[in-house]
Every structure is written in structure tokens, then in C-alpha cells.
Amino acid sequence: MLRAHTMLRASGSVLRGALGQYTGSASNNARVTANRSYSLYSDGKIVAAPMVYIAGEEMTHYTMNLIMDKWITPKIDTSKWEFYDLSCKSRDDTEDKVLHDAVEAGARIGAIFKEPTITPSAAQKEKFGLKKTWGSPNGAMRRGWNGITISRDTIHIKGMELGFKKPVLFERQAVGGEYGAGYKMVGKGRAATFFFPEDGGVQVVDERNVEDDATAIVTYSNPLDNVTDLAHIFYKRCLENDCTPYVVTKKTVFKWQEGFWVRMKAVFDEHYKEVFLNKGLLDRCGGELQHLISDAATMQIIRWTDGGFGMAAHNYDGDMLTDQVAQVHRSPGFITSNLTGKRADGVLIKEFEASHGTVADMWEAHLRGEETSLNPLGMVEALIGAMQHAAELEDGKHKEDILDYTNKIRQIIHTMMVAGQGTRDLSGPAGLTTEQFVDMVAKHLLKDGAYESDIDLDESHVVPVEQESDDETDDEFVMKLFKQFDTDGNGSIDVEEFTQALKKMNVAPKKLEFERSH
């Protein structure tokens, strides 16, 4: 097995370079695998459609190596895939050419899987011996693929209660906002921002006095041309998943955000309102598309634990709010993160990744020879999504086999987790290690024919998830709060005391105006 610092070709196949590692959401409504045999090609494997595989590092990279070795390559011919290594060392060695090559390949092929990567800090620059602190690759990818939206959705397992009972969808505008900001530290004086139209002239955007000795002057833009595409993607996905749509901004204060809402509502009213009404998906919000101020959205995410809703927001708000969704739905490991862009010919480019990082603390434990138990569900959902999107784009004779095989992976993982054979974040101390979980899935996956299990993935039979121990909880402070809110001192908190506690902590859920009127 080879590891490449950039993409290598030999005899028409993409190689995996020289250090023994692979280099270079998917819908949760899994198709039921029928009792059929897979069509086998070339050396007895199913031929996967062209796809870009972007490798990262640390614990997630190690785990994906195991998954590729034991789940994918035994049954799948990946010779049409292009592999790119975006580890810090590879980016440093190639002066980031590997990133530019990966972006070019993604635009050309249109289906991308990406492992979590590291954006090195100053400390990591020294630790890894890098020339510089290379920036996040995500910005280059979003620009290079004409990014429209980052879809972050809850992952659900039938028969297991995680957080939200029904799907929660989120569209985060993929470009603009603080992430692309320019800034300058200045002293006292006067600042002005100018715009120079293509057809000539000059416009003053803003002028202001700067009166402090130290001030950060920041400029950024929020593109609106892609909001129409974002809106269509969002509303179609809400309809497919029976979710009520909401648009989130802070336009009451940030007046420049009004344009996002105006475009989202125009698309909704013209193309989707009647369909949503007919499906009853606007019953909970007064029969209209509702706008939520971002402050209110944070509270509704906590309140609406039944799920069944979607939110669309600007880049930064979307980033923050989806972190909150992840907390309600147990962890980022149960949230997808899929970037959708658009080629000049109108074909959608889709990149799939987990919404968590490289899990550095677990990697350090692994290097010390300690047992680890990494739940790979988020990464596997991303891999499944990328492989299925690639198959749909190619629309070749192997498509059905790829869809069936990848859905079989999902079915086995979900069934094992419900059966108590998950990793320790789900199954407690008796859960499987990283390697044991990968091996157990492989044992079921590599058998010929459909996967059969004694476990019935039934919504009516819900398996409780083991709660992870949290040594950081301040038990002394918890008891202090309890005594403070146990006003009658009887050792328990009733509904009235609980309500007063929520109000005092300013986290009491409040009905929105459209909820109060219905």
C-alpha cells in the first residue's frame, strides 16, 4: 500500500503513496438490500465511479485506513479514484500545490470525500517542523468549487434515541462573512471603505472616526448571487425529509442581512409555498415561511427536540447554530457536513466530510499504546455519501451495486449500535475498541448476499444510549445550584421550582409570536 504526497498515476490507476496510509450526508434513508448478488467486475470487485479522496491525519486518518483496508478494498475497485494527502507535512512539502491539485480534481470530477484535516497553529508549526502555519483548506475548496451551501444534518439510527427524534436540516451559506475578512490594526484617525464598480467611478461604503489607540478595522462581504441556489437546495431537502423551513438572520440589527431573507422568501413564495402547505409542513408556523432572529433560533434548537425542522443562515450564524444542534444531538459525530458547489456547466459538486476534527487526544492515547474507541459513523456517512453521489454522476452499469453495498455498510453499523456492539461513546465501558468495531463490521460486510440480523430496527423499540462519564463536571457547584433552587428544602425540585430556576438562569423557553397566535 502506498502513500502519495500528491496525486500519483501509474498505468491509468491512482496510486497510494509510500508510507503505508491511504492518501491522495448522505441520506439516512437507506435502501433495503435485497437478496441479490452483486455484479462483479475486473478482479472480482465492484468498480466504483470516479471520486476524489482527500486524506487528513491523526486518529481519524488511522481509522479511515482501517475502514479502507477492511471494508472497501476487499470488495470495491477504486482505480478510478484520485487520492490527495492534505496532511500538514504534505502541504508543507508541496508548498500547498497538493491543495490546489485537490481543488482542481474536485471541480473536474464533482464527488469528493474528505477526512478531517489539521489547520496548524503556531505551536503545531514548531511541532511538525513546518515552514509556515498553512491556512484552512476549506476556504480554497469553497471558492474553487463555487460553494453554495454547507448542509449539516442530524444522523439518525432507528431504534436508538440520540437527541432530536426526527431529522433536523441546516443550510449554512458556504461563502462570505467573517471567514474571508480582511483587517488592519490601527490607531487614532479616520477610516473609510470604498467600492470601485467595474464600469468606473467610486462609491463610499462607510466612513467613521477611529478614536481609540488600538482598533481592528475589519472588512468583509456577503455574496447574494448564490442565495437562490441555496434556497432551492434547502426547500427541496426540507420537502424530502418532511421538515418545516425557517430562515435565520440578525437583520433587525445587521440591516445588510435583509437581502438574504428577501431572496429566500421570494424563492419560497414562487416555487414551494403551495407544496409545503399541501403537505401540512407550515401548520406549526402559521402557514407562512417564518424568519427567526438568530438569538431566538438558539432557544428554539433547545426547545424543538422533536426535530422535523430546517434552518438556513449566513455563514457565521450557520457555523455557530450547527454546533448547538450537535450538542443537542449528542455530539458532532452524529452530524453530517456536506459542501455543495456548482460547476460552470450547472453540475453540482458535492464534498462530504464529518463535522468533527482529527480527535487529537485519542491519537495521542493511541501513540502511547492505549486502547481507543473512536466512533467512525460521521466519516462513514460521508464516505457513503461521496460514493453514492459519484455513482449517480457517472450513472453507469455499476451504480446499483455501489448503492446496495454502501447501504449495506450503513445497515450493519446501525444494527450493531442498537445491539450494543457500538463504540464506547454509545455502549459504555463494554463497547468495542476502534479496531474491534471495524473488524466486527467487516465480518458481517464481507459475507456474500444480504445482511441479516436478529435485531429489528423498529422506531417503537428505542435503546437508551450509554452516557459517557464526565470527570469535568463540578459536582460541588451542581449541588449548590440544586440547593438554591430547592426553595422548600425538601430534597426535590417540582415543576414550579424548576420553572423559576430556568427563568433565573435566563434559559426559560419562550413561545415565538407565530406560536402564540396558533
Side-chain angles (χ1 to χ4, degrees), residues 148-154 156 163-174 177 222 224 226-254 257-329 335-338 340 509-518:
I148 299 168
T149 180
I150 302 166
S151 303
R152 288 186 170 173
D153 306 339
T154 52
H156 294 263
F164 294 101
K165 292 182 174 61
K166 291 180 288 188
V168 173
L169 314 182
F170 215 108
E171 300 297 348
R172 167 191 168 192
Q173 191 179 19
N222 264 91
L224 293 174
N226 69 2
V227 174
T228 298
D229 283 335
L230 184 155
H232 283 294
I233 292 169
F234 177 52
Y235 298 133
K236 287 176 182 176
R237 293 195 329 109
C238 283
L239 287 170
E240 290 170 1
N241 291 276
D242 293 329
C243 290
T244 299
Y246 297 89
V247 178
V248 180
T249 76
K250 186 79 170 178
K251 67 187 184 74
T252 52
V253 176
F254 304 141
Q257 292 190 355
E258 181 73 27
F260 185 86
W261 161 250
V262 169
R263 284 163 174 76
M264 292 293 294
K265 190 172 190 311
V267 172
F268 181 82
D269 288 345
E270 181 178 354
H271 299 282
Y272 297 98
K273 182 175 181 179
E274 289 303 316
V275 186
F276 275 94
L277 285 170
N278 292 337
K279 291 192 74 172
L281 292 174
L282 301 182
D283 292 351
R284 67 191 284 179
C285 59
E288 297 287 344
L289 175 67
Q290 294 293 337
H291 173 268
L292 294 178
I293 300 299
S294 53
D295 309 60
T298 61
M299 186 57 67
Q300 305 321 309
I301 288 171
I302 297 172
R303 286 185 61 215
W304 294 342
T305 52
D306 281 345
F309 66 89
M311 292 183 178
H314 281 290
N315 199 351
Y316 181 76
D317 281 348
D319 196 6
M320 297 300 102
L321 290 170
T322 51
D323 283 346
Q324 188 177 8
V325 169
Q327 289 303 310
V328 175
H329 203 60
I335 305 290
T336 64
S337 185
N338 307 329
T340 300
K510 299 176 182 178
K511 285 189 175 182
L512 299 171
E513 183 177 348
F514 63 80
E515 293 177 309
R516 291 196 295 269
S517 59
H518 286 81

Visitor: Does the ring center of Tyr235 lie less than 6.0 Å from the ring center of His271?
Guide: no
Visitor: Please give me the minimum heavy-atom distance between Cys285 and Tyr246, naming the atom from each residue.
Guide: CB-OH, 3.8 Å
Visitor: Could you state the interatomic distance from NE2 (His291) to CD (Glu258), rounded to the nearest 0.5 Å?
Guide: 7.5 Å
Visitor: Can you tell me how far CG of Asp153 sits from CG of Asn241, rounded to the nearest 0.5 angstrom?
Guide: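 One finds 7.0 Å between CG of Asn241 and CG of Asp153.
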Visitor: Step by step, would you call Asp319 with Ile150 a side chain to side chain contact (heavy atoms under 4.5 Å, CB included)?
Guide: CA-CA 9 Å; Asp319 196 6; Ile150 302 166; over 6 Å; no
Visitor: Start with the C-alpha gap between Ser151 and Thr336, add the side-chain angles, then the distance that decides, and say whether side chain to side chain contact (heavy atoms under 4.5 Å, CB included) holds.
Guide: CA-CA 7 Å; Ser151 303; Thr336 64; 5.7 Å; no
Visitor: Taking all atoms of both residues into account, what is the closest heavy-atom pair of Leu289 and Met264, and its distance?
Guide: CD2-O, 4.2 Å
Visitor: Judged by modelled atom types alone, do Thr249 and His314 share a side-chain donor-acceptor pair under 3.5 Å?
Guide: no
Visitor: Taking the side chain as everything from C-beta on, heavy atoms only, tell me whether Lys265 gets closer than 4.5 Å to Val247.
Guide: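 Sidechains of Val247 and Lys265: no contact.
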Visitor: If you round to the nearest 0.5 Å, how far is OG1 of Thr305 from NE2 of His329?
Guide: 11.5 Å
Visitor: Is it the case that Gln173 and Asn226 place a side-chain donor and acceptor less than 3.5 Å from each other?
Guide: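 Asn226 and Gln173 do have a side-chain donor-acceptor pair below 3.5 Å.
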Visitor: Minimum heavy-atom separation for Gly307 to Val168, with atom names?
Guide: CA-CG2, 3.8 Å
Visitor: Would you check, one step at a time, whether the test side chain to side chain contact (heavy atoms under 4.5 Å, CB included) holds for Lys250 with Tyr316?
Guide: CA-CA 11 Å; Lys250 186 79 170 178; Tyr316 181 76; over 6 Å; no
Visitor: Nearest heavy-atom pair of Ala313 and Phe170: which atoms, and what distance?
Guide: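 So the two residues come closest at CB-CE2, 3.9 Å.
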Visitor: Looking only at heavy atoms, what is the nearest atom pair of Phe268 and Pro245, with distance?
Guide: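 Heavy-atom minimum between the residues: CE1-CG, 4.0 Å.
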Visitor: Can you name the side-chain contact (heavy atoms from CB on, under 4.5 Å) partners of Asp306, sequence neighbours left out?
Guide: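 So Asp306 forms a side-chain contact (heavy atoms from CB on, under 4.5 Å) with Lys165.
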Visitor: To the nearest 0.5 Å, what is the distance between CG (Leu239) and CZ (Phe276)?
Guide: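 Taking CG in Leu239 and CZ in Phe276, the distance rounds to 3.5 Å.
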Visitor: Calculate, to the nearest 0.5 Å, the distance between atoms CD1 and CG belonging to Ile148 and Asp229 respectively.
Guide: 4.5 Å
Visitor: Can any side-chain N or O of Ser337 pair as donor or acceptor with the backbone N or O of Arg152 at less than 3.5 Å?
Guide: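 Such a contact is absent between Ser337 side chain and Arg152 backbone.
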Visitor: Can you give me the closest heavy-atom contact between Arg237 and Leu169, atom names plus distance?
Guide: O-CD1, 3.4 Å
Visitor: What about the rings of Phe164 and His156, do their centers lie closer together than 6.0 Å?
Guide: no
Visitor: What residues, two or more places apart in sequence or in another chain, satisfy side chain to side chain donor-acceptor pair (under 3.5 Å) together with Arg263?
Guide: none
Visitor: Should Asp242 and Lys279 count as an ion pair when the cut-off is N to O under 4.0 Å?
Guide: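 Salt bridge between Asp242 and Lys279, a charged N being under 4.0 Å from a carboxylate O: yes.
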Visitor: Return the OH to CG distance between Tyr272 and Leu277, rounded to the nearest 0.5 Å.
Guide: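 Result: 15.0 Å between the selected atoms.
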